[in-house]
Undergrad: 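Take a look at this one; I'll ask things after.
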Amino acid sequence: MDNFLERHEAEHPFPEDVELIRDIDYMGDGMACHFMDIYRGKKHDKKHDKKLPIMFNLHGGGFLLGKKEESHLFCAEMSQKGFLVFSLEYPLAPESLFPQILRDLMKGIKNSRVYFQKYNGDEERIYLTGTSAGASLCVYLAAMMQSPELADVFGVVPADLGIRAMGLASGMYYTTKMDSIGIFLPSCIYGKGWKKSSFYPYINPENKAILEHLPPSFLITVYGDSLRNYSRQYARAIQKSGGICHLEDLGPHKKLPHAFSTALPEIPESQYVNEKMVKFLMSY
């Protein structure tokens with residue numbers, strides 16, 4: 001993956017009109033898994049009166065792998081479109097289990113507040129975006145901010161911030177299906193006794209405490225995405241619950257890889273879906 005990132009950025013250099021503040025320690029413990037990057041378009045500096053909508057972005061990697069740099073160019077593009085983007089690293093399983101990952105990310109979001117004013121961010125317009133496992137984390141974090149029940153069962157103290165909408169790409173929403181993911185992943189990310197845990201009923205993302213507390217959501221997938229059926233099923237579940245959800249499914253006439261819209265933001269298909277996602281987000 002590192003070689004791919006290096007080759008990709010060599011072919012598509014980081015834009016000169018984007019300011020990047022790297023590796024801010026959002027927990028204050030010096031651990032790389034608690035670093036974040038901030039992206040801001042240089043034309044949107046603090047001399048302008050207009051505040052910038054805030055986007056928190058979470059990378060993918062199946063909870064076991066991945067790093068914030070995987071969405072490097074996607075975050076830069078979102079900042080060019082006028083967002084103040086916070087890209088958060090987070091601890092990975094199995095060293096850190098799912099509840100701890102959520103606790104750390106929620107603290108990171110909460111602690112990021114000190115940078116809103118410094119970089120001209122608008123606290124009234126906050127959005128979440130995430131890819132693969134990052135999309136699943138977005139779902140839980142957003143719901144927890146509105147559901148004390150959900151926050152309590154995972155031991156998370158929710159940030160006092162409202163999420164207006166989410167953009168979720170190739171989400172790994174389901175972790176316990178009888179498929180190649182569900183066979184090995186649950187014990188790695190939830191712990192060996194996961195079926196006896198207090199949060200076991202909430203591992204299902206279709207739990208009422210989650211679905212009924214989601215902000216408007218824009219889901220992206222494509223023919224060729226290894227988790228395409230997850231996005232299609234979860235979009236149906238959100239809509240059935242009465243939630244606002246748009247599914248952008250490029251298929252079967254297009255075949256592109258998992259996480260294409262953030263890993264390859266320069267290709268026409270990504271440009272198309274990401275522009276639609278931005279319009280969706282900004283309508284809330």
Undergrad: If you take the centroid of each ring, where Trp contributes its six-membered ring, are F98 and F63 closer together than 6.0 Å?
TA: yes

Undergrad: Are a donor atom and an acceptor atom from the side chains of Q239 and R236 found within less than 3.5 Å of each other?
TA: no

Undergrad: For the residue pair E123 and Q117, confirm or rule out a side-chain donor-acceptor distance under 3.5 Å.
TA: no

Undergrad: Y174 vs Y230, test: ring-ring contact (aromatic ring centres under 6.0 Å, His included). Steps then yes/no.
TA: CA-CA 7 Å; Y174 300 95; Y230 285 17; 5.5 Å; yes

Undergrad: What's the shortest heavy-atom distance between P186 and T176, and which atoms?
TA: CG-CG2, 4.0 Å

Undergrad: Donor-acceptor check, side chain of S71 to backbone of F74, threshold 3.5 angstrom: yes or no?
TA: no

Undergrad: Looking at F86 versus F116, is the centre-to-centre ring distance below 6.0 Å?
TA: yes

Undergrad: What do you reckon, are the aromatic ring centroids of F35 and Y26 less than 6.0 Å apart?
TA: no

Undergrad: Side chains of H59 and E89: is there a donor and an acceptor less than 3.5 Å apart?
TA: yes

Undergrad: For a quick test of reading the model, state the closest non-hydrogen atom pair linking S231 to S170 and the distance between them.
TA: OG-CA, 4.2 Å

Undergrad: At their closest point, which heavy atom of L84 faces which heavy atom of G121, and how far apart are they?
TA: CD2-CA, 3.7 Å

Undergrad: So does F14 have more than 12 non-hydrogen atoms from other groups sitting under 6.0 Å from CZ?
TA: yes

Undergrad: Can you see which heavy atom on C245 is nearest to which on L219, and at what distance?
TA: SG-CD1, 3.9 Å

Undergrad: Strictly under 6.0 Å, is that where the ring centroids of Y39 and F83 end up?
TA: no

Undergrad: Determine whether the aromatic ring centres of F199 and F154 lie less than 6.0 Å apart.
TA: yes

Undergrad: Search all heavy atoms of D23 against all heavy atoms of D37 and return the closest pair with its distance.
TA: N-OD1, 2.8 Å

Undergrad: Report yes or no: do K177 and Q233 form a side-chain donor-acceptor pair below 3.5 Å?
TA: yes

Undergrad: In terms of the angle between their ring planes, are Y115 and Y119 parallel, tilted or perpendicular, with boundaries placed at 30° and 60°?
TA: parallel

Undergrad: Just to verify, which of M277, M166, M78 counts as forming a side chain to side chain contact (heavy atoms under 4.5 Å, CB included) with T129?
TA: M277

Undergrad: Taking all atoms of both residues into account, what is the closest heavy-atom pair of S270 and S261, and its distance?
TA: OG-CA, 3.4 Å

Undergrad: Under a plain distance cut-off of 3.5 Å, with no hydrogens placed, do Q146 and E212 share a side-chain donor-acceptor pair?
TA: no

Undergrad: Taking only Lys NZ, Arg NE, NH1 and NH2, and the carboxylate oxygens of Asp or Glu, determine whether D104 and K107 approach each other closer than 4.0 Å.
TA: no

Undergrad: Any non-hydrogen side-chain atom of P91 less than 4.5 Å from a side-chain atom of E95?
TA: no

